[in-house]
Protein chains: 2
Amino acid sequence: MTTNKKITSFDIADLAGVSQSTVSRALRGSPLVNEETRRRVQAAVESLNYTVDKNASNLRRKFSGTLALLFFEDPTPDDSHINPFFLSMLGSITRACAKQGYDLLISFQQLSRDWHADFADSKKADGIILLGYGDYLAYCDRLQKLVEQGTSFVRWGAVLPGQPDITIGCDNFRGGHDIATHLHEQGCRRIAFLGDASSHYPEFFERYRGYAAALEEHGLVADPDLQANAESTERAGYEAMQSLLERDAKFDAVFAASDLIAIGALRALAGRGLKVPDDVALAGFDDIPVAGFINPSLTTIRQDTRQAGDALVESVLKMIHGESPESAVLPGKLIVRRSSVREPSGLGDA
Amino acid sequence: MTTNKKITSFDIADLAGVSQSTVSRALRGSPLVNEETRRRVQAAVESLNYTVDKNASNLRRKFSGTLALLFFEDPTPDDSHINPFFLSMLGSITRACAKQGYDLLISFQQLSRDWHADFADSKKADGIILLGYGDYLAYCDRLQKLVEQGTSFVRWGAVLPGQPDITIGCDNFRGGHDIATHLHEQGCRRIAFLGDASSHYPEFFERYRGYAAALEEHGLVADPDLQANAESTERAGYEAMQSLLERDAKFDAVFAASDLIAIGALRALAGRGLKVPDDVALAGFDDIPVAGFINPSLTTIRQDTRQAGDALVESVLKMIHGESPESAVLPGKLIVRRSSVREPSGLGDA
DNA sequence: CTGAAAGCGCTTACAG
DNA sequence: CTGAAAGCGCTTACAG
């Protein structure tokens, strides 16, 4: 129907019988425009099916109406699978952006690449949200650099004193504490921990510290022989569990630093003929969608991704607007399922 | 460190001792630039940490280097949950975009909004990928309009003759056929179908048609009393299953049009004390991540999201470059798990 | 191989 | 309340 030439604000101006400046003002909602004029412009816009060219608009306004979401996972050989927890996050962040009228640009950055400049500087995004379970120490410098550049960004991660950036995260310490306390209540006394417990992975480390603190409160000690490193994949969980089994560690419960690790551990335990929860109680962290569906269903800490997404988006937006948001710790919630509940005796299902 | 004024190609030109045009050419990889000159420009770029302003660049080039991904799910009350199948798709599409040097812009459009113009016309994206299980008849007109506008877009969905757009989809008919054949092989003779079997949901409808065709090959007929509508949510699956149970339908197997529906059905069956697979064999479609983890693990058709993502991105890119890609049907793969396997007698696990 | 200049489509002081 | 004009930071014919 319409001719195939790009329609500009000048075409609208002609049709509406006003100047191009007025069209622009009308479209940006300037209070300076007469109501009647605004209506004429609107009519012209609709009849020509016009939309403002964002590139031109953004170039002038030095603004993009877009947030960038960067995943900084360690590169994985099997890169088709994103951690399901972050996938949930992605969903809620997208919703939160939509609510605020922002678009979301997504990028899966490998840690190796030089992302500090990619988005903010190239002006495709006004701010950045960083998500991932990568090695903290490996990207710490880059965060520093981002801060120096004055880039508006927030990070999902462990909230610790002295961080240069704004971080939103779950109360990992408390979560670890809750899990260990719960396992102790179930009568477990030798509770293994699966996950990196070092400053490379501060979220896991906090979970570990919460777990250790809870044990201590009950006169127990976190036994280094009952800890095995694992990053957040099923495979790593399987291997960590195997290593514990192979060195004949004695334990009656396993606290995995993430649900994915727990699922891998479950597989390793099953391989040895060990039953969960009867032989070994098991708990994870995150409450990813599968957690409720595996057999036995998995006790875990639920991180409220909806709330997290809102908080993340709200914080970047504040930074963009020149305000100074604070780092924030969000509560997690203990979800008790079958994997950790010891039946008093050999009874049936819950 | 650096002063906080925006660095432009003119700054680079000054530093490198060349004209701004040359800087631009060097950065865009023009073959016209002398190797030595290019190096000087590169050095200047790095020392000033410069990146090309995409808005300006895109404005001139009438190009954005961005693809938009639109989810056109029906608005759901619980909007924090995206169908896990599409979440997998999202992952693979993101990877495919990255591979091609494109950014991905994400938007969850409600069917109600007027998305036909939003992206392409506002020049934030060069092309659009459409994803969703919404009511086809409800957005058919808009697809038509998009085509008329000459927008570059591809859709994931049922590939049917006479469609105006480019569609990539799974071989739904074949998948439905495979499932029904498999269930028949397991000795099932009264196989129920859970899912909308109408042209509103063409993917489900194709699955249904494949199922009906397979039954027919075995001298059976798809019994309308064994079909109940459901869109692709767990809740709908639960309700559909309930309605069948409540009207006392007799069946020995259930083919759910999606895994989510199957999971809901499983819950309803368990509520009646019916055991899967012993009392009722069950199969789904999609092979979402939970499918292998639920108990019993779910027989389903795996859609290769990696391949799908590649195909989708490749097709839009072709359209953007003025080529004419074809609609394509991708093979699905029958994954047999415990939910549909009848043990010859009361033996143990598989 | 390089430079000077026009122009992409807007927004926003500036001057009425 | 409105218009004429400058300019955002690039890219790309055009002319050497």
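- Checked against side-chain contact (heavy atoms from CB on, under 4.5 Å), B/Glu46 has the following partners two or more places apart in sequence or in another chain: B/Gln42.
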Quiz prompt | Which nucleotides of DNA chain C pair, in dot-bracket form (Watson-Crick or G-U under 3.5 Å, | meaning another strand) | solution = |||.||||||||.|||
Please table the atom pairs, donor to acceptor, closer than 3.5 Å between any side-chain atom in residues 318-328 of chain A and protein atoms at least two apart or in another chain.
{"residue": "A/His321", "atom": "ND1", "partner": "A/Leu317", "partner atom": "O", "Å": "3.0"}
{"residue": "A/Ser327", "atom": "OG", "partner": "A/Thr167", "partner atom": "N", "Å": "2.9"}
{"residue": "A/Ser327", "atom": "OG", "partner": "A/Thr167", "partner atom": "O", "Å": "3.4"}

Exercise. For nucleotides 4-11 of chain C, just jot down a letter per nucleotide in 5' to 3' order: B, S or -, based on protein non-hydrogen atoms under 4.0 Å.
Key: BBBBBBBB
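- In summary, A/Asp53 and A/Lys6 engage in a salt bridge, as defined by a charged side-chain N under 4.0 Å from a carboxylate O.
- Of the N and O atoms on the side chains of A/Ser24 and A/Ser21, not one donor lies less than 3.5 Å from an acceptor on the other residue.
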Run the side-chain donor-acceptor check on residues 9-16 of chain A: report pairs under 3.5 Å with partners two or more places apart or on a different chain.
{"residue": "A/Ser9", "atom": "OG", "partner": "A/Gln20", "partner atom": "NE2", "Å": "3.0"}
{"residue": "A/Asp11", "atom": "OD2", "partner": "A/Thr8", "partner atom": "N", "Å": "2.8"}

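- Sorted by first and then second residue, the pairs that involve residues 149-165 of chain A and meet salt bridge (Lys or Arg N to Asp or Glu O under 4.0 Å), not counting sequence neighbours, are A/Arg155-A/Asp165.
- Within the 4.5 Å cutoff, no side-chain heavy atoms of B/Ile128 are placed close to those of B/Val316.
- Taking the six-membered ring where tryptophan is involved, the planes of A/Phe63 and A/Tyr102 are perpendicular, since the angle between them exceeds 60° and thus also 30°.
- Remark: C1' of D/dG16 and CG of B/Leu32 are 13 Å apart, rounded to the nearest angstrom.
- To the nearest whole angstrom, the two C1' atoms, one in C/dT12 and one in C/dG16, are 16 Å apart.
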